[in-house]
Amino acid sequence: MNRRTKIVAVAAAVLLTLGAGGIAAATVDEAPAPAAARATVSEAATLTGTAKLYRPAGDDITFTFDAHLAEKDRMDPMKATGTFRFSHYKGDWGGYAKVKVDCLTTGGKVAVVSGVVVETDVKEFKKARVGVTVHDDVHGDRLGYTWMTADPQKDKVQPCLSGAPFEKVKEGTGDFEVTPWEFVYPTE
């Protein structure tokens, strides 16, 4: 099995077993905006921050979020903007993906974000939609996902869908921030 095939096979297996993620070396333009900069923009919902997942086997799994729903779009979470990244590396194999946000909903300190992969080093995953759930908890952030499957082009994840936040974030790494979305009920 050549290195590329091994990477694709491992990435698919990892994604199927919900063990994805990795080193996220966020660049300056991908890092969440400072709190002062975010405060000047009126937003209905946000999800920002970075964390590594807990993996006792040594896998390096990281998720980074910079997702926003403008106040003017409060009633349409599918107008959310931003990106998120995830990567998963162990030894000489692994991969990453950058995702363009297409939906963001939040409730309390829980956020669900989805988007389409726009950049990856695993070509089979390009243009697949993924969903992630984050629980911003002072006692330890958690994360869950509805992931790519063996055939990410065929098995579509719908916008704003993800799994419960079942993953533990590695101690000392979680800095997620969720701005709760408050649904405004129409009046008659």
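- In this structure, the side chains of V178 and V110 stay at 4.5 Å or more apart for every pair of heavy atoms.
- No donor-acceptor contact under 3.5 angstrom links the side chains of D66 and T83, judged on distance only.
- Contact annotation: the side chain of F63 never approaches that of V134 to less than 4.5 Å [non-hydrogen atoms, C-beta and beyond].
- How far CZ of R85 is from OG1 of T64: 7.5 Å, rounded to the nearest 0.5 Å.
- Closest non-hydrogen pair, K100 versus V118, comes out as CB-CG1, 3.8 Å.
- Contact between S114 and P159 at its shortest, heavy atoms only, is OG-CA, 3.4 Å.
- For residues 132-141, the pairs satisfying salt bridge (charged side-chain N to carboxylate O under 4.0 Å, His left out) are K109-D136, with sequence neighbours left out.
- Residues V101 and V130 share a hydrophobic cluster, clusters being chains of Ile/Leu/Val/Met/Phe/Trp/Tyr side chains in contact below 4.5 Å.
- Rounded to the nearest 0.5 Å, atoms OG1 (T106) and CD (E182) are 8.5 Å apart.
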- Item | Step-by-step side-chain contact (heavy atoms from CB on, under 4.5 Å) determination, I61 to K90 | CA-CA 9 Å; I61 303 169; K90 185 172 182 184; over 6 Å; no
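- The nearest pair of heavy atoms linking G174 to A51 is CA-CB, 3.6 Å.
- The side-chain contact (heavy atoms from CB on, under 4.5 Å) search around D73 returns L69, A70, K79, not counting sequence neighbours.
- Residues V117 and A97 come closest through the heavy atom pair CG1-CB, 4.0 Å.
- Taking each heavy atom of V113 and L47 in turn, the nearest pair found is CG1-CD2, 3.8 Å.
- Residues D60 and K52 have side chains in contact (heavy-atom distance under 4.5 Å, counting atoms from C-beta outward).
- Checked against side-chain hydrogen bond (donor to acceptor under 3.5 Å, both in side chains), T133 has the following partners two or more places apart in sequence or in another chain: S162.
- Nearest approach of L104 to C160, heavy atoms of both residues: N-SG, 3.8 Å.
- Residues W181 and R74 form a side-chain contact, since some pair of their non-hydrogen atoms from C-beta on lies under 4.5 Å apart.
- Side chain of R142 to backbone of F166: a donor-acceptor contact under 3.5 angstrom is found.
- Between T50 and D175, some side-chain heavy-atom pair lies under the 4.5 Å cut-off.
- Here F86 and F65 keep their ring centres 6.0 angstrom or further from each other.
- Note that CG of D102 and CD of Q158 are 10.0 Å apart. Values are rounded to the nearest 0.5 Å.
- The backbone N or O of V157 sits less than 3.5 Å from a side-chain atom of R129, completing a donor-acceptor pair.
- Using a 4.5 Å heavy-atom cutoff, the side chains of E119 and Y96 are in contact.
- Around the CD atom of E71, the shell of radius 6.0 Å holds more than 12 heavy atoms that belong to other residues, nucleotides or ligands.
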